Engineer: 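Structure incoming, see below.
Just so it is clear, the model here is predicted, and its values are computed rather than measured.
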Amino acid sequence: MFGRSHVTAVCAGCRHIQPLKWDYCRLYWCQARLDAQATVGRLVAEADVRARLNAVRHHQLFFMGMHHRNGSALAPRRRAGRRGAPRKPPPAPAWRPNADWRQLPLFGQVPRDYGHLAPSGVDLTSPWLTWAKYIAHRFAEARGWGRNIRFAVNRGLALVLTGYVEGDAIRHSEIFTPLRSRDLPVGHVVTVLEEMGIFEDDSEPSFEGWLAKRLEGLAPGIRSEAERWTRVLRDGGPRSLPRREGTVWLYLNRVRPALLEWPDRYDHLREVTRDDVRTYIKTLHGHQRRNQLVALRSLFSWAKRNGLLFRNPTSRIKVGQYEYGVLQPLVPAQVGRSVAAATTPATRLSVAEHREPPSGDQQPDRHQD
């Protein structure tokens, strides 16, 4: 925030090119503030800090985010029975500005570049910003936004609503990069703009980009059919319920290797035969064979129901029952090797010695370790 609010030049103290405030960089101001607090014993005004800038001859190094932890900074004087400055009053109720008249645009809305707008050039008197701050305050009270989030949301709203004209739409593609570059919460700002009814979501869903990338390299006929099947899995159809997005990813990823192999000979799914599926499945084993065969059966069953092929090539190909592993007990020789390998106290704690239960009339020794 210091760098975005001040001009970059040569510091009068360290001679480095840094953002400057009164000819001194941020580290000089921090060190002068620490020296002033150590001398006075309380928080000091900016004029006192500025008077000590020429006396700074060193910088106290610190870890980012740890120099203002609770108890590390000097506590300000109490005012009216509480610490720090009195809390700001909530914004006054505001509503949508009434536009008595406005100039209708001759052409469509011209895209705006919010990246060139400096924080010092925002219009704080805009009635749209007043309305937005009131809506942001209501959301903050209802959803428990913290102080830092409230401050960042108000900064983001001031940035995007400067110069706003009635009838324009604030697009996601225009504000995402400028807000993210300033570490402002895009999602919270969008929530307020949507409540105001002036936001347009023109962002491309991540699913579309992922789908286009996963379908690269397929034959045009197979690509179109695989895309339709994937969208039915995600969105549902007349006789099928929508699946979770993670399930859609798994199904397409599992059929993709087979679809990449068949385009060398075929252009459509209806050209795939039963022998082609069996030949491909023979190259797979275990979980891989079962998972890919289930996904292929889903693809060809959907194509058969929609009349894209005459016969399902995966019919009567058994998936097989999944065999779970059986836990086998360790033999005494394996237990002995494990105990012998435990040479340190830490490894001995992780090794449990196997002892067989007593048989017959033999009673266990209570003093046995």
Side-chain angles (χ1 to χ4, degrees), residues 1-77 83-85 87-88 111-126 129 132-133 136 145-163 170 173-190:
M1 294 177 60
F2 187 91
R4 295 167 185 156
S5 305
H6 301 87
V7 181
T8 301
V10 179
C11 177
C14 62
R15 303 298 178 182
H16 292 164
I17 300 178
Q18 299 287 341
L20 304 183
K21 177 181 179 181
W22 298 104
D23 298 331
Y24 287 92
C25 63
R26 176 178 175 272
L27 288 180
Y28 264 78
W29 281 90
C30 292
Q31 188 61 43
R33 187 180 300 109
L34 288 177
D35 295 342
Q37 292 176 358
T39 303
V40 180
R42 57 178 175 84
L43 294 180
V44 292
E46 181 177 338
D48 298 334
V49 178
R50 183 182 174 187
R52 296 175 178 269
L53 289 173
N54 294 328
V56 175
R57 295 295 180 267
H58 68 280
H59 295 159
Q60 176 63 48
L61 300 181
F62 56 88
F63 289 102
M64 181 61 187
M66 299 183 63
H67 58 295
H68 286 315
R69 295 179 60 186
N70 295 334
S72 62
L74 297 177
R77 291 179 297 178
R83 176 173 296 184
R87 182 175 300 176
K88 293 183 179 180
R112 292 190 57 186
D113 186 6
Y114 296 92
H116 294 288
L117 183 61
S120 58
V122 299
D123 183 12
L124 299 179
T125 61
S126 171
L129 180 59
K133 287 185 175 180
W145 293 355
R147 177 179 177 274
N148 294 335
I149 294 181
R150 298 186 187 198
F151 177 73
V153 169
N154 289 336
R155 289 189 67 227
L157 293 173
L159 184 68
V160 300
L161 291 177
T162 297
I170 300 178
S173 58
E174 297 175 353
I175 67 173
F176 179 81
T177 301
L179 294 182
R180 181 60 62 87
S181 63
R182 292 176 171 83
D183 298 330
L184 300 178
V186 182
H188 294 75
V189 175
V190 168

Engineer: Please check this pair: side chain of Thr162 against backbone of Asp123, looking for a donor-acceptor N/O pair closer than 3.5 Å.
Structural biologist: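 Yes, because the side chain of Thr162 sits within donor-acceptor range (under 3.5 Å) of the backbone of Asp123.
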
Engineer: Taking side chain as C-beta onward, heavy atoms only, is Gln18 less than 4.5 Å from Tyr24?
Structural biologist: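 Sidechains of Tyr24 and Gln18: no contact.
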
Engineer: According to side chain to side chain contact (heavy atoms under 4.5 Å, CB included), who are the partners of Thr8, at least two apart in sequence or on a separate chain?
Structural biologist: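 Thr8 satisfies side chain to side chain contact (heavy atoms under 4.5 Å, CB included) with Ile17, Pro19 only.
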
Engineer: What closest approach, in Å, do Trp145 and Ala136 show between heavy atoms, and which atom pair accounts for it?
Structural biologist: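 Nearest pair, atom of Trp145 first, then Ala136: CZ3-O, 3.9 Å.
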
Engineer: Can you find a heavy atom in the side chain of Val153 that is under 4.5 Å from one in the side chain of Pro185?
Structural biologist: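 Yes, their side chains come closer than 4.5 Å.
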
Engineer: Could you tell me which residues satisfy side-chain hydrogen bond (donor to acceptor under 3.5 Å, both in side chains) with Asn154, sequence neighbours excluded, listed by chain and number?
Structural biologist: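 For Asn154 there are no side-chain hydrogen bond (donor to acceptor under 3.5 Å, both in side chains) partners, ignoring immediate neighbours.
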
Engineer: Does Phe151 have any ring-ring contact (aromatic ring centres under 6.0 Å, His included) partners at least two apart in sequence or in another chain, and if so, which?
Structural biologist: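 Checked Phe151 against ring-ring contact (aromatic ring centres under 6.0 Å, His included); zero matches.
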
Engineer: If every non-hydrogen atom of Leu129 is compared with every non-hydrogen atom of Leu161, which pair is closest and at what distance?
Structural biologist: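 So the minimum-distance heavy-atom pair works out to CA-CD1, 3.9 Å.
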
Engineer: How close do Cys11 and Cys25 get, heavy atom to heavy atom, and via which atoms?
Structural biologist: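 Distance-wise, the nearest heavy atoms are SG-N, 3.4 Å.
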
Engineer: For Lys21, enumerate each residue passing the salt bridge (Lys or Arg N to Asp or Glu O under 4.0 Å) test, keeping only those at least two apart in sequence or located in another chain.
Structural biologist: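 Lys21 satisfies salt bridge (Lys or Arg N to Asp or Glu O under 4.0 Å) with Glu46 once adjacent residues are dropped.
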
Engineer: Taking side-chain hydrogen bond (donor to acceptor under 3.5 Å, both in side chains) as the definition, give me every residue that meets it alongside Asp23, ordered by chain and number, with sequence neighbours left out.
Structural biologist: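 Scan of Asp23 (side-chain hydrogen bond (donor to acceptor under 3.5 Å, both in side chains), adjacent residues dropped) gives none.
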
Engineer: Considering only heavy atoms from C-beta outward, does the side chain of Val189 approach that of Leu157 to under 4.5 Å?
Structural biologist: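 Val189 vs Leu157: side chains touch.
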
Engineer: Of all residues at least two apart in sequence or in a different chain, which pass the side-chain hydrogen bond (donor to acceptor under 3.5 Å, both in side chains) check with Glu174?
Structural biologist: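 With neighbours one apart ignored, the set is Arg171.
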
Engineer: For His58, check side chain to side chain contact (heavy atoms under 4.5 Å, CB included) against everything at least two apart and list the hits.
Structural biologist: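 Only Gln31 meet the side chain to side chain contact (heavy atoms under 4.5 Å, CB included) criterion with His58.
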
Engineer: Is there side-chain contact between Ile170 and Val190, with at least one heavy-atom pair below 4.5 Å?
Structural biologist: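 The answer is no, as the side chains (C-beta and beyond) never meet within the 4.5 Å cut-off.
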
Engineer: For Ser173, what residues pass the side-chain hydrogen bond (donor to acceptor under 3.5 Å, both in side chains) criterion, not counting sequence neighbours?
Structural biologist: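 Ser173: side-chain hydrogen bond (donor to acceptor under 3.5 Å, both in side chains) contacts with Asp202.
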
Engineer: Over all heavy atoms of both residues, which pair between Ile149 and His188 is shortest? Give the atoms and the distance, please.
Structural biologist: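 What the structure gives for the nearest pair is CG2-CD2, 3.8 Å.
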
Engineer: Which residues pass the side chain to side chain contact (heavy atoms under 4.5 Å, CB included) test with Leu184, sequence neighbours left out?
Structural biologist: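 Listed in chain order: Ala152, Arg155, Leu179, Arg182.
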
Engineer: Can you name the salt bridge (Lys or Arg N to Asp or Glu O under 4.0 Å) partners of Arg150, sequence neighbours left out?
Structural biologist: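 If we apply the salt bridge (Lys or Arg N to Asp or Glu O under 4.0 Å) test to Arg150, skipping adjacent residues, the hits are Glu141.
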
